[in-house]
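Presented below is the structure to which this report refers.
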Amino acid sequence: MDLDKTLKSIEEMGDNHIGGNSDTPLRPDAFELSDIEKMELIKKDVANIMHTLGLDMTDDSLKGTPKRVAKMFVQEIFSGLHPDRKPKASTFSNKYKYNEMLVEKNITVYSTCEHHLLPIVGKAHVAYISTGTVIGLSKMNRIVDYYAKRPQVQERLTIQIVKELQKALNSEDVACVIDAKHLCVNSRGIRDIDSSTITSEFGGAFKDPQVRREFLDYIKFDTEF
Ligand SMILES: [Zn+2]
């Protein structure tokens, strides 16, 4: 393949946001290096990119950037790659016998598009129907945040959240809808600042159109406090 064709295929894949299976593609040796070692390497890599762009890396305003970016990648925006950071899913037995749907809506999503390394910003709405186990409300936010802090495609993020909650609750009856803006679409390429992307995953009982409708009606509630 010549360079033009290669670039074109990268471009097409990125802009179509094709995701593979639901697991983040990690190498088996992903965590052999410590966070400190990773930050040291990334710092050099970022400095290299900036140098290649022609920037004067001795400038006061620029010289701290490689270190800041390295720290941000490893400890903040991609920190959810590390399985040790997965939130402990504290579940409780459902003593209230509340067997209706529980919806946690408007969970803020800050993620990063893995095709362009630009932000994805939006809201996730998560629901489950208890079959005897309930989960702490903030745990749902934490699970969303953990999987969001990875290079992501929105489809995969949606599925990962549902799978994690299904495991924690030991029930298939979990659903998630994410509505998010992708800065790779809003700020470059097609530059459409108004468009957003909706993805959904409906497990178990949520495959029933009536149950699904109930969930979708709840998330339309305009909550103001
Ligand atoms: Zn993108």
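Throughout, numbering of the chain's residues begins at 1 and tracks the sequence.
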For the side chain of S171 and the backbone of D173, is there at least one donor-acceptor N/O pair under 3.5 Å apart? yes

Linked, directly or transitively: V109 and L216 (ILVMFWY side chains, under 4.5 Å): no

Can you tell me how far apart CG (L41) and NZ (K43) are? Round to the nearest 0.5 Å. 10.5 Å

side-chain contact (heavy atoms from CB on, under 4.5 Å) for F78 and E114? Distances and angles first, verdict last. CA-CA 11 Å; F78 300 140; E114 70 183 20; over 6 Å; no

Say you draw a straight line from CD of E100 to CD1 of I129; how long is it, rounded to the nearest 0.5 Å? 8.0 Å

ring-ring contact (aromatic ring centres under 6.0 Å, His included) filter on F202, not counting sequence neighbours, yields none

Is there a side-chain contact between E164 and Y146 (heavy atoms, below 4.5 Å)? no

Quick one: does R188's side chain have a donor or acceptor within less than 3.5 Å of a partner on C184's backbone? yes

Hydrophobic clustering (ILVMFWY, side-chain heavy atoms < 4.5 Å, transitive) - are F73 and F31 grouped together? yes

With L157 as reference, evaluate V153, I159, I161 under the side-chain contact (heavy atoms from CB on, under 4.5 Å) test and give the passing residue. I161

Co-membership, hydrophobic cluster, residues I219 and I107, 4.5 Å side-chain: no

Got E172 and K207 here, is their nearest side-chain heavy-atom distance under 4.5 Å? no

Heavy-atom nearest pair, E32 first then E37, reads O-OE1, 4.3 Å

Write down the atom of A124, the atom of V144, and the distance for their closest heavy-atom approach. CB-CG1, 4.1 Å

What are the two closest non-hydrogen atoms of Y128 and T133, and how far apart are they? CE1-O, 4.0 Å

K105: salt bridge (charged side-chain N to carboxylate O under 4.0 Å, His left out) partners, not counting sequence neighbours: none

For V162 and A175, the nearest pair of non-hydrogen atoms, with its separation, is CG2-C, 4.0 Å

Any residue meeting side-chain contact (heavy atoms from CB on, under 4.5 Å) with Y110, in chain and number order, not counting sequence neighbours: T108, V121

Can you name the one residue among E155, K163, E201 that meets side chain to side chain donor-acceptor pair (under 3.5 Å) with S22? K163

Note, I143 side chain near I135 side chain (heavy atom, < 4.5 Å): yes

Using only heavy-atom distances, determine whether the side chains of S111 and Q154 contain a donor-acceptor pair under 3.5 Å. no

Qualifying salt bridge (Lys or Arg N to Asp or Glu O under 4.0 Å) pairs with a residue from residues 142-152, counting only residues at least two apart or across chains: D145-K149

For a 4.5 angstrom cut-off between non-hydrogen side-chain atoms, does I178 reach C176? yes

Rounded to the nearest 0.5 Å, the NZ atom of K139 sits from the OG1 atom of T91 at a distance of 10.5 Å

Take R213 and D217 through the test side-chain contact (heavy atoms from CB on, under 4.5 Å) and record every step on the way to the result. CA-CA 6 Å; R213 169 87 349 248; D217 284 345; 2.9 Å; yes

Close side-chain approach of V177 to F215, heavy-atom, < 4.5 Å: yes

From OG (S130) to CG (L169), nearest 0.5 Å: 7.0 Å

Donor-acceptor under 3.5 Å (R212 side chain, F206 main chain): yes

Which residues pass the salt bridge (charged side-chain N to carboxylate O under 4.0 Å, His left out) test with D29, sequence neighbours left out? R27

Give a yes or no on whether I193 atom CD1 has more than 12 heavy-atom contacts from other residues, nucleotides or ligands under 6.0 Å away. no

Apply the test side-chain contact (heavy atoms from CB on, under 4.5 Å) to residues H182 and L118: give CA-CA distance (whole Å), side-chain angles for both, the deciding distance (0.1 Å), then the verdict. CA-CA 7 Å; H182 292 238; L118 282 172; over 6 Å; no

Tell me if a side-chain donor or acceptor on N186 pairs with a main-chain N or O of R191 at a distance below 3.5 Å. no

Is there side-chain contact between T112 and P151, with heavy atoms separated by less than 4.5 Å? no

Y147: ring-ring contact (aromatic ring centres under 6.0 Å, His included) partners, not counting sequence neighbours: none

Please name the pair of heavy atoms, one in K181 and one in S195, separated by the smallest distance, quoted to 0.1 Å. NZ-O, 3.6 Å

Count the heavy atoms belonging to other residues, nucleotides or ligands that lie under 6.0 Å from NZ of K123, then report whether that count exceeds 12. yes

Should L102 and M140 be marked as a side-chain contact (heavy atoms from CB on, under 4.5 Å) after you check the CA-CA gap, both sets of side-chain angles, and the distance that decides it? CA-CA 11 Å; L102 186 145; M140 295 159 83; 4.2 Å; yes

Hey, any chance M57 and V69 share a hydrophobic cluster, counting ILVMFWY side chains that come within less than 4.5 Å of each other, even indirectly? yes

Please say yes or no: joined through hydrophobic side-chain contacts below 4.5 Å, possibly via intermediate residues, are L33 and V74 part of one cluster? no

Flag the pair N170 / T131 as yes when at least one side-chain heavy-atom distance between them is below 4.5 Å, and no otherwise. no

Do you know which two heavy atoms are closest between D35 and H82, and how far apart they sit? OD1-CD2, 4.5 Å

Do M72 and R68 have side chains that approach each other closer than 4.5 Å (heavy atoms only, starting at C-beta)? no

